[in-house]
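By convention in this document, chain letters (A, B, ...) are assigned in the order of the sequence lines, proteins followed by strands, and residues within each chain are numbered from 1.
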Amino acid sequence: MNLFAEIRTLVTDSLTALVAEGALPSGLDFAAVAVEPPRDPSHGDMATNAAMVLAKPAGMQPRAIAEALAAKLSLDARVTGVEVAGPGFLNLRLAANVWQGVVKAALTEGLEFGRSMMGGGRKVNVEFVSANPTGPMHVGHVRGAVVGDALARLLDFAGWNVTREYYINDGGAQVDVLARSAYERYREANGLEPEIREGLYPGDYLIPVGEALKAKYGASLLDKGEEVWLADIREIASELMMDEIRGDLAALNVKMDVYSSEKALYGTGQIEAAIQALRDMGLIYEGTLEPPKGKTLDDWEPRVQTLFRSTAHGDDVDRPVMKSDGAWTYFAPDIAYHYNKVQRGFDELIDIFGADHGGYVKRMKAAVSALSGGKVPLDIKLVQLVKLYKNGEPFKMSKRAGTFVTLRDVVEQAGADVTRFMMLTRKNDVTLDFDFAKVLEQSKDNPVFYVQYANARINSVLRKSREAGIDCGDAALAKADLAILSHPAEIQMAQKLAEWPRLVEIAAKGNEPHRIAFYLYELASEFHALWNKGNDDPSLRFVQDGNAATSAAKIALARATGVVISAGLGILGVTPVEEMR
RNA sequence: GGCUCCGUAGCUCAGCCGGAUAGAGCGACGGUUUCCUAAACCGUAGGCCGCGUGUUCGAAUCACGCCGGGGUCACCA
């Protein structure tokens, strides 16, 4: 149930009726008509801009349209007041039972309350994390992992058919470096001194890999050159690193549906086929790029390369797909990979990248635009840096690698739920400060705690009510006489609940999971306020001694709030806390 | 220099597919506890929404140009 959508339908139906009566000219487009919560509560419960957006196309004064529409709307039983205000807004007041109905809907629909059909079952692929399989995930990956996973959950809730996908970059030089690094650990496992040369990965997470290699090969590779072992060790080491990464993701409560391998694209003709497809469109040519303007590169020299004419699809310069030695650039398999996603039938693609990949956005969009004939939109979300602090001081440490803070470090210190919520308290394109001390603080300065505390209070009410012998099942509460919820503070709470389905759609439309976190904070704030009003006015307390009917109605309101908090936390991938003693 | 993100209260940030008197938390000041968890709540103070021009009935929001800060910039992935 989405009350705003229902009232918007009422508005557009009324407009259609006015057209039929000749009060409005025919052929008007109602797409721009919006029904929204007004910023100022004194402006009523809902406001519509219908008269203003239609004034010009209808060739009428906004006020004339507004008055005609007001007359129509006031005939509806749900509408108790309509007034024309400001430049032509129509402010609506709705009957109390409309808001009480929202409480009932939340109880009967449960965690499905707010689920939307907006996605229409369209297939969307969300690619995120895609960290190189050369070591454990570090803090830089955490935000992308959380944003991607929460976005996937959000889109699922809003009616999309979602696939979460990880692209394993196991085809380039970095996995050779991994293999050489692992070989040194293999020598170490055999009692020799490892030579961790400049450019190799020094982290001690490769020690177990060395052990595993010793278990498999004994001492047989010690006197061999890398032409003998490189390919095999590359394979084994990157497999083990992916196990590590899967474990890291699990620790963050992130699950992938599909892992795709870059290496698997080589030798199958997929890269050649993708490039050929572009060539057939006349988008591949041999040429020489200009040096970047304004930036002097000492080692720049003109080179003939195989280039993708990405400028034909919005990029600023054309991009090389093949090196001068004839090997593919990183971009080529990435084109093939995205082509593969298009061919698998996804209607929409989303990539979550770190902000350092900002320069990659236009060329990737150009490739997808070309290869899908402009039919598959690619949205790329860049997540900005996370800066770590502890008590306001910049924080650097790692138990495991010496050089970087790992995902495990963060999860062990802060917990998966807190980490996830905090990563969503900023929109993706703003840098985020993460203070290990602050995120564990139990105060309203900490939004995770604040929301969880509201949920704990709700559960406390339910516990006590059950002890008092009241049936607190959702079905029973839904049958309560909700007309009892007539106090303005209670109506206001119900109004906040009514915004939930609308918010889900707004967040999904913009691929903006952070909006869920902000809404939950506001919802918790409304609840805490209502809770405290019970101090001054005992009639606002949820449990009313000796009056089962009144208690049931008020508990229903609390429970409905709890349902929405749980549903919202579910989208964020955060487990609701029942009790916080 | 190109591209890109950011610039809103003392601080950290929401709001931005145009809408009414621009919001929240922290910090400051002042209140609330016989009560279902005060781990909370209520109130006061605090703003050329970086600057300018344009579009519009209407701009924090859209366009263009500046200023300031971050990221990034050919055969690395």
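- Mapping A:D325 and A:F518 onto RNA chain B via the closest heavy atom, the residue that lands nearer the 5' end is A:F518.
- Residue-level contact check: A:H43 touches the bases, meaning some heavy atom is under 4.0 Å from a base atom.
- Closest to the A:K464 side chain, of the nucleotides B:G25, B:U56, B:C36, is B:C36.
- Side-chain N/O atoms of A:K509 include none lying less than 4.0 angstrom from OP1 or OP2 on B:C17.
- You won't find any donor-acceptor pair under 3.5 Å spanning the side chain of A:R515 and the base of B:A14, going by distance alone.
- Regarding A:Y521, its OH atom lies at a distance of 16 Å from the C1' atom of B:G15, rounded to whole Å.
- Here A:N132 lies in heavy-atom contact (under 4.0 Å) with sugar-phosphate atoms only.
- Between A:Y450 and the phosphate of B:C41, there is a side-chain N or O to OP1/OP2 separation shorter than 4.0 Å.
- A:V543 comes within 4.0 angstrom of a base, heavy atoms only.
- Looking at heavy-atom distances under 4.0 Å, A:E301 makes contact with a base.
- At the heavy-atom level, A:E262 lies under 4.0 Å from the strands shown only through sugar-phosphate atoms.
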Quick one: which protein N/O atoms are closer than 3.5 Å to N/O atoms of nucleotides 42-48 of chain B? Pair and distance per line, please.
none

Is there any protein nitrogen or oxygen under 3.5 Å from a nitrogen or oxygen in nucleotides 61-71 of chain B, and what are the pairs?
unit_1, atom_1, unit_2, atom_2, d
B:G71, O2', A:A355, O, 3.3

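- B:A59 and B:G18 are spaced 6 Å apart, taking the C1' atom of each and rounding to whole Å.
- Minimum heavy-atom separation, A:L520 to A:G568: CD1-C, 3.6 Å.
- The shortest distance between the side-chain N/O atoms of A:S460 and the OP1/OP2 oxygens of B:C36 is not below 4.0 Å.
- Checked against a 6.0 Å centroid threshold, the rings of A:F542 and A:F527 count as neighbours.
- Distances shown here put every side-chain N or O of A:K554 at or beyond 4.0 Å from the OP1 or OP2 atom of B:C36.
- The salt bridge (Lys or Arg N to Asp or Glu O under 4.0 Å) contacts involving residues 303-321 of chain A comprise A:E301-A:R303, A:D315-A:R319, A:D316-A:K362, where partners must be two or more places apart or lie in separate chains.
- Listed by chain and number, the residues in a ring pair (Phe, Tyr, Trp, His ring centres under 6.0 Å) with A:Y285 amount to none (sequence neighbours excluded).
- Residues in residues 524-539 of chain A take part in no salt bridge (Lys or Arg N to Asp or Glu O under 4.0 Å) pair, two or more places apart or across chains.
- Partners of A:A47 according to the side-chain contact (heavy atoms from CB on, under 4.5 Å) rule, which considers only residues two or more places apart in sequence or in another chain, are A:P38, A:N91.
- Between A:F436 and A:F395, the ring center distance clears the sub-6.0 Å criterion.
- Side-chain nitrogen and oxygen atoms of A:W531 include at least one within less than 4.0 Å of the OP1 or OP2 phosphate oxygen of B:A38.
- The neighbour count for A:K438 NZ, taken as heavy atoms of other residues, nucleotides or ligands under 6.0 Å away, does not exceed 12.
- Considering only side-chain atoms of A:N169, the nucleotide from B:A77, B:A38, B:A74 that sits closest is B:A77.
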Please table the atom pairs, donor to acceptor, closer than 3.5 Å between any side-chain atom in residues 445-454 of chain A and protein atoms at least two apart or in another chain.
unit_1, atom_1, unit_2, atom_2, d
A:N446, OD1, A:V448, N, 3.1
A:N446, ND2, A:V439, O, 2.6
A:N446, ND2, A:E441, O, 2.8
A:Y450, OH, A:S525, OG, 3.4
A:Q452, OE1, A:V577, N, 2.7
A:Q452, NE2, A:T575, O, 3.0
A:Y453, OH, A:R457, NE, 3.3
A:Y453, OH, A:R457, NH2, 3.3

Fill in the blank from the handout: Encoded 5' to 3' (Watson-Crick or G-U under 3.5 Å; [ ] crossing; | other strand), RNA chain B becomes (((((((..((((.....[...)))).(((((.......))))).....(((((..]....))))))))))))....

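- Taking atom NE2 on A:H514 and atom C1' on B:G15, their separation rounds to 9 Å, with Å as the unit.
- Side chain A:N91 to base B:A20: a donor-acceptor pair is found below 3.5 Å.
- With sequence neighbours left out, the side-chain contact (heavy atoms from CB on, under 4.5 Å) criterion links A:H313 to A:L283, A:A366, A:S369, A:A370.
- Heavy atoms of A:A55 sit nowhere under 4.0 angstrom from any nucleic acid atom.
- Contact of A:N532 with B:A40 (side chain to base): a donor-acceptor pair of N or O atoms is detected under 3.5 Å.
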Which pairs of donor and acceptor atoms, one on a side chain in residues 381-392 of chain A, lie under 3.5 Å apart (sequence neighbours left out)?
unit_1, atom_1, unit_2, atom_2, d
A:K381, NZ, A:G510, O, 3.2
A:K390, NZ, A:Q413, OE1, 3.4

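- An aromatic stack links A:F89 and the base of B:A20, using centre distance under 5.5 Å and interplanar angle under 30°.
- When each of B:A40, B:C3, B:C6 is scored by its nearest atom to the side-chain atoms of A:D429, the top-ranked nucleotide is B:C6.
- When each of B:U56, B:C13, B:A74 is scored by its nearest atom to the side-chain atoms of A:R426, the top-ranked nucleotide is B:C13.
- For the side-chain contact (heavy atoms from CB on, under 4.5 Å) test, no residue two or more places apart in sequence or in another chain qualifies with A:D356.
- Checked against side-chain contact (heavy atoms from CB on, under 4.5 Å), A:S130 has the following partners two or more places apart in sequence or in another chain: A:E127, A:Y167.
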